[in-house]
Each structure stands twice: as C-alpha cells, then as structure tokens.
Amino acid sequence: MPSYPHKFQPGDTVTIRPWDDMLSQYGSLGEQLGIKTPYVTLDYNMKQFCGRSFKVEYVRPSINDKHWIYGLNGSWYPFTEDMFVLVPPVPASTISFDDLIKGVSL
C-alpha cells in the first residue's frame, strides 16, 4: 500500500489538468505515444478528458503499491493525482469575529 493516504474518495469531483499543462511539465513520449506522468502514460485517447471534471468511481493502489489509481465515472482509463488540478487550500482568516462585528478596515 502507498505510504500516504489518497486525497480523493469515491464520489469526489476531480478535474483533469489541461493537456498542454502536463505536456510542459512532463514532456512528450512522441507524437503517437502521449505524455509520461510519474506513473501512468497519458495517451492521446485520454486527451478528450483534459480540462473536464469527473466523479471518482473507485480508488485502488497501483501494481507496485507506490501510487493511487483513480477510476473516473465515464472512463475506463486509469488516472493518478498527478493528472488532477489541485486547488490550493484557502488560508484561515486573520479577522476575528469581534473585528467583524466592529467593522474592520482592511
């Protein structure tokens, strides 16, 4: 089993990164082969999923137990977290409730 917990659960919605974004990060395997992400090759047939959002159908460990493989609704292709748009967490507010009541100028 991978040593880290998977970030997404069945039922979560994920967005596949744009093709050109992954191409610039990982490079091309050639015109007919696609993009080699850290574990799964993103082949040209998968390009149709890029930039679109899908529900996670299932999560399983990879064959070598180093990655999580995500099955997405509407696709039989395997996806990994490296292929998803990761939204940075929203930082906690530094304004207290009392400040909100009083009205704080920022």
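We count residues from 1, following the sequence as given. What's counted below: heavy atoms across the whole structure, side chains too, no hydrogens, waters or symmetry copies. Note that the coordinates shown come from a computational prediction; the quantities given were computed from them, not determined experimentally.
Once rounded to the nearest 0.5 Å, the distance linking CZ of R17 with CZ of F79 reads 13.0 Å. Here the CE-CE distance, from M83 to M46, works out to 4.5 Å after rounding to the nearest 0.5 Å. Distance CZ/F49 to OG1/T15: 14.0 Å, rounded to 0.5 Å. Note: K36 NZ to T41 OG1 = 4.5 Å, rounded to the nearest 0.5 Å. Atom OG1 of residue T37 and atom NE2 of residue H67 lie 8.5 Å apart, to the nearest 0.5 angstrom.
Looking only at distances, no side-chain donor or acceptor of D21 sits under 3.5 Å from a matching main-chain atom of P18. Within the 3.5 Å criterion, the main-chain N or O of L72 finds no donor-acceptor partner in the side chain of S75.
Nearest heavy atoms, L42 versus C50: CD2-SG, 4.3 Å. Counting all heavy atoms, side chain and backbone alike, I63 lies closest to Y39 at N-OH, 3.5 Å. Closest of all the heavy-atom pairs between I69 and S62 is CG1-CA, 3.9 Å. Residues D82 and M22 approach most closely at O-SD, 4.3 Å, considering heavy atoms. The two atoms that bring D43 and N45 nearest to each other are OD1-N, 2.8 Å, heavy atoms only.
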Discussion item. Between R60 and Y58, does the side chain to side chain contact (heavy atoms under 4.5 Å, CB included) criterion hold? Intermediate values first, please.
Written reply: CA-CA 7 Å; R60 67 169 175 78; Y58 65 85; 4.2 Å; yes
Worksheet item: Could you walk me through whether W68 and T80 pass the side chain to side chain contact (heavy atoms under 4.5 Å, CB included) check?
Response: CA-CA 6 Å; W68 291 105; T80 62; over 6 Å; no
Item to complete: Could you go through the side chain to side chain contact (heavy atoms under 4.5 Å, CB included) check for S28 and I35 one step at a time?
Response: CA-CA 5 Å; S28 174; I35 300 168; 5.7 Å; no
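When ring centroids are compared, W19 and Y44 come within the 6.0 Å threshold.
Using a 3.5 Å distance cut-off with no hydrogens or angles, the side chains of S53 and T13 do not pair a donor with an acceptor. E57 and Y70 form no side-chain donor-acceptor contact under 3.5 Å, judged by distance and modelled atom types alone.
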